[in-house]
Amino acid sequence: MPNRIITLLCLAVALMLAFVSSGARAAVMSIDYGTEWFKVGLIKPGIPLDVALNKDSKRKTQAMVTLREDQRVYGSDSLALAGRFPQSTFPNLKNLIGKPYDDKHCVEYRNRFVNNMISNPDRGTPLFHLDDKTDLTVEELIAYQFQNAREQARNTAGEDVKDVVITVTPFATQYERQAILDAAELAGLNVLSLIHDETAVALNYAVSREFSNTPEYHIFYDMGAGSTVASLVSFSNVKEGKSKKTVPQLEVKAVGFDRTLGGHEFDVRLRDLLADKFMQQHKPTSDIRQSNTAMARLLKEATRVKQILSANQETSASVESLFEDIDFKVKVTRAELENLCADLLDRVQGPIQAALEAAGMKVDNIKSLVLVGGSVRIPAVQRHLSQTVGADKIAKNVNGDEAAVLGAAFRGASLSNQFRLTKQIKIKDITVYPIEVTYQPEGPQDRKPIHTVLFNEFGTIGTRKIMTFKRESDFDFDLIYGKSVEQQDADLGMNQIAKVKVTGLTEALEKYQEDIKASEQPPKVKVAIDLTNSGLVSVAEASVSIQVKDPSSSTFSDKVKSFFGSKDEESSNEDDKEAPAQDQNKTEPENQDDKKAEDAKDKEPTMKKITLQVQVIPTGPPPMTQQEKMVAQNRIRELDALDEKRRLWEESRNNLESFVYRVQDFLYDDIVSIISTEEQQETLREQLSETSDWLYDEGESADTAVYLERLRKLQQLERPITFRRQEFIQRSDNIDKITSSVELARAFVDGIRSKTEEEERYHTDEELDSLLEHTDRLEKWKNDKVTAQEQLPNHVEPVFTTAETRRRCQELDDALMKLMRKKKPKAKKQQQQPPKNETSQEDEPTTHQENEKDDSTDEKPSSNNDEKQEEQRDHDEL
């Protein structure tokens with residue numbers, strides 16, 4: 001996308017945002033976390049929506065982290081270390097999050113990377129064994145990267161940022177989403193919401209566009225490093241509530257995806273091709289595939305070669321001292337890569353066809369196919385897409401790299417209470433898996449379990465369903481995914497979500513058994529289940545409603561609720577949503593007949609709602625335990641302290657190093673030779689040279705305190721020379737400044753005395769004489785100091801300084817301004833004597849109207865005008 005379009009888009013978003021309180025910490029960030037890269041979006045008052053830069057001033061960062069000697073290294077620095085320390089470098093962690101150790105993605109990771117992955121004995125999830133003291137969860141490693149993302153946002157915003165929206169794939173399961181939330185918690189972030197990658201892109205697409213009431217359909221095709229997703233989205237204007245106002249709405253209709261089709265698979269195959277060519281070309285004594293370091297370097301080179309082949313027909317792969325001190329260089333063509341990945345290219349159109357089929361639509365119904373993700377740049381991929389939908393429908397009018405992170409940041413602004421959007425965009429997103437409730441009915445044990453689809457496939461997220469159970473005792477039920485992507489997921493328990501235990505029912509039914517026997521309605525057990533905007537399933541509450549005959553058995557709280565019209569929600573089937581909250585009953589004055597009717601009504605049976613206890617036990621890959629989080633948080637705090645210590649060490653070393661270079665150049669300045677002796681210069685030059693040699697020898701491992709002490713000693717030698725040089729340069733200006741202040745004060749006094757009649761003056765002679773005396777003192781001080789300074793050698797401390805000059809000039813200027821601001825005294829109002837033989841004011845009061853007339857003749861207005869004219873005259877004279 002051209003820079004101009006990006007600028008206009010950011011401007012459009014900025015215009016749509018109003019800030020509730022610019023003084024509050026209103027910054028919101030977003031993280032587009034991918035397999036190979038992550039981007040950070042940021043929006044705050046005074047900073048338009050944009051992508052935060054990393055320390056290398058890049059707009060995206062490699063999603064990897066290296067741990068060496070209690071030091072965390074991120075991004076490009078981590079990539080540079082990956083070839084030397086592959087066991088301590090952790091890339092592509094997104095493929096592992098929320099998965100069991102035996103999942104095919106984890107098996108594939110162990111085959112491609114050399115990290116020491118073990119199975120978590122408590123959770124059965126991947127765990128990385130770093131050393132004898134440290135085992136790291138995937139969540140903790142991703143938390144490190146989230147901390148790095150937060151640091152990027154902090155450096156851009158100038159303040160700490162905690163509120164965040166994070167992107168996830170639409171096919172992410174409950175465990176994967178929860179793992180992302182756990183990682184964010186470890187990083188100290190407050191997740192406002194998760195958002196699907198393609199939904200974020202669609203939101204970014206909608207921000208700067210206008211739509212009609214007729215829906216238009218687009219497919220957002222996102223091929224990243226690890227997976228491919230095609231989301232079919234409709235855009236239209238819809239009415240907002242009962243008003244006639246319309247707002248734009250994006251609605252995700254269907255999603256097709258391929259979990260393992262991504263750019264990383266192309267990189268791995270190209271790496272293996274390079275390894276084969278190396279073996280054929282050089283015939284080393286051992287197999288290069290057994291060298292972890294060599295294969296890591298080949299993977300890095302394969303990624304670079306793939307990017308070049310996207311724009312060229314052929315290029316050369318080159319790695320120095322790749323294996324057994326052999327330099328490797330070989331030509332690779334685009335045709336070779338395409339033949340190598342022919343089966344991958346055949347899967348390119350699969351997600352599109354799946355999305356169209358699920359939505360019951362055809363290619364002709366689609367207005368455009370919007371390309372997103374780095375891997376769509378591969379020419380063969382674009383060729384297959386053109387064959388699927390037609391070249392005229394291929395749209396490249398969004399920034400494929402940054403659309404998701406910008407859309408997620410806009411979503412964060414809409415969720416934060418610190419922002420108010422002037423343009424609302426409604427979002428209706430979906431879940432790609434149906435969610436079922438499975439339970440064993442009461443009665444004989446041989447009865448078959450009941451399966452109820454609670455949320456349909458491609459059902460809307462951000463909704464609540466109410467389930468009604470006929471139960472006579474405590475019970476439990478299971479939440480599961482009704483459709484598993486692959487059989488292996490079901491075998492590993494990936495289709496399981498949680499077991500929900502409802503207790504307190506047996507106790508409640510026993511307590512009210514007499515009322516239950518006498519009632520006409522059996523107890524109703526209702527369970528509210530939410531599918532949140534983040535795509536997580538949660539059990540909000542459970543309750544039982546019992547018909548109670550004796551109102552006195554109700555608690556005071558129940559009576560209050562009854563008075564305000566509390567009403568039980570109706571039972572719902574699998575497709576019913578939560579019933580809307582009821583309005584409070586209006587109260588009106590009651591007469592005696594009404595009261596009798598109300599007393600009679602109180603004697604009728606009422607429904608009592610009793611809240612039940614709910615326990616949710618995850619049955620899939622379990623989330624982090626509180627103990628695991630505490631261990632990880634303690635380790636993060638220790639690493640943060642080490643990072644801060646290292647930052648101070650690097651800062652002190654850099655300050656010392658830059659000081660040495662700067663002062664070495666400074667000593668060649670012509671003025672330095674004037675204001676310092678040869679001996680002084682040589683002493684400082686020797687100290688600088690000695691420090692420079694020390695820095696790259698013993699100083700490599702010195703402590704922060706040593707750097708600070710050396711810098712302090714050097715500054716003791718440098719500061720006097722720098723001070724004398726500065727004073728030498730400013731001396732002439734200081735003399736001119738004093739002369740100017742003196743002349744200005746004298747001109748003011750002369751103007752008053754020569755141009756103003758004595759009876760019109762309101763500056764006393766004492767005041768004017770005092771100002772002239774102050775002027776004379778300053779001029780004498782200048783002459784004395786200038787004379788003394790001229791008698792001193794230039795290499796000694798000056799006696800005529802800039803600081804003293806400024807102070808003395810300021811004192812004179814303040815005295816002058818005090819007189820200039822002096823206002824002319826107001827003329828005294830003469831009291832008018834009442835005429836003789838007329839009634840005085842004490843004898844006969846005047847009317848209110850007469851008083852107003854007297855006030856209008858007050859001399860204040862004329863006095864104010866005189867003051868303004870006098871001030872203007874003073875300034876003109878000056």
Practice item. Please indicate whether Y696 has more than 12 foreign heavy atoms, meaning atoms of other residues, nucleotides or ligands, lying under 6.0 Å from its OH. Key: yes
Point to revise | Polar contact flag, side-chain donor to acceptor under 3.5 angstrom, T801-E727 | key: no
Review point. Taking the six-membered ring for Trp, are the ring centroids of F728 and H795 within less than 6.0 Å of each other?
Key: no
Review point. When you measure from the side chain of S416 to the backbone N and O of A413, does any donor-acceptor pair fall under 3.5 Å?
Key: no
Point to revise | Stepwise side-chain contact (heavy atoms from CB on, under 4.5 Å) test for I31 and M29 | key: CA-CA 7 Å; I31 302 176; M29 64 180 289; 3.8 Å; yes
**Study point:** Electrostatic pair R647-E644, nearest N-O below 4.0 angstrom
**Key:** yes
Exercise for review: Could you give me the CA-CA distance, side-chain angles and deciding distance for R635 and E638, then say whether salt bridge (Lys or Arg N to Asp or Glu O under 4.0 Å) is met?
Suggested key: CA-CA 5 Å; R635 183 160 42 236; E638 293 174 0; over 6 Å; no
Review point. Do the side chain of R209 and the main chain of Y205 share a donor and acceptor less than 3.5 angstrom apart?
Key: yes
Exercise for review: Please report the shortest heavy-atom distance between L771 and A815, naming the atom on each side.
Suggested key: CD1-CB, 4.0 Å
Check your understanding: If you measure from the Lys or Arg side-chain nitrogens to the Asp or Glu carboxylate oxygens, is any gap between R753 and D769 under 4.0 Å?
Key -> yes
Exercise for review: Would you please say whether a donor-acceptor pair under 3.5 Å links the side chains of N54 and T61?
Suggested key: yes
Point to revise | CD (E679) with more than 12 external heavy atoms under 6.0 Å | key: no
Review point. Is a salt bridge present between K60 and E402, judged by a nitrogen-to-oxygen distance below 4.0 Å?
Key: no
Exercise for review: Using a strict 4.0 Å threshold on nitrogen-to-oxygen distance, state whether R150 and D160 make a salt bridge.
Suggested key: yes
Point to revise | Salt-bridge contact R710-E690 (side-chain N to carboxylate O under 4.0 Å) | key: yes
**Study point:** Carboxylate-amine/guanidinium proximity below 4.0 Å for D640 and R637
**Key:** no
Check your understanding: Stepwise, does the salt bridge (Lys or Arg N to Asp or Glu O under 4.0 Å) test hold for E718 with R725?
Key -> CA-CA 11 Å; E718 173 265 343; R725 178 181 180 276; over 6 Å; no
Check your understanding: Is the closest side-chain donor-acceptor distance between Y144 and R72 under 3.5 Å?
Key -> no
Check your understanding: Is a salt bridge present between R653 and E650, judged by a nitrogen-to-oxygen distance below 4.0 Å?
Key -> no
Check your understanding: Taking 4.0 angstrom as the limit, do E779 and R746 come out as a salt bridge?
Key -> yes
**Study point:** Basic-acidic side-chain contact under 4.0 Å: K44, E159
**Key:** yes
**Study point:** Ion pair R777/E811, N-O distance below 4.0 Å
**Key:** no
Practice item. Would you mind checking if D814 and K818 are paired as a salt bridge, meaning a charged N to carboxylate O distance below 4.0 Å? Key: no
Revision key, fill the gap. From the list L792, T805, D784, T787, side-chain contact (heavy atoms from CB on, under 4.5 Å) with F800 holds only for T805
Check your understanding: With no hydrogens and no angle check, is any side-chain donor or acceptor of Q147 less than 3.5 Å from a backbone partner on A187?
Key -> no
Exercise for review: Decide yes or no on salt bridge (Lys or Arg N to Asp or Glu O under 4.0 Å) for K55 and E151, but give the supporting numbers first.
Suggested key: CA-CA 10 Å; K55 70 178 188 63; E151 181 68 20; over 6 Å; no
Practice item. Give a yes or no on whether a salt bridge exists between E804 and R808, defined as a side-chain N under 4.0 angstrom from a carboxylate O. Key: yes
Exercise for review: Please confirm whether F146 and F38 have ring centers closer than 6.0 angstrom.
Suggested key: no
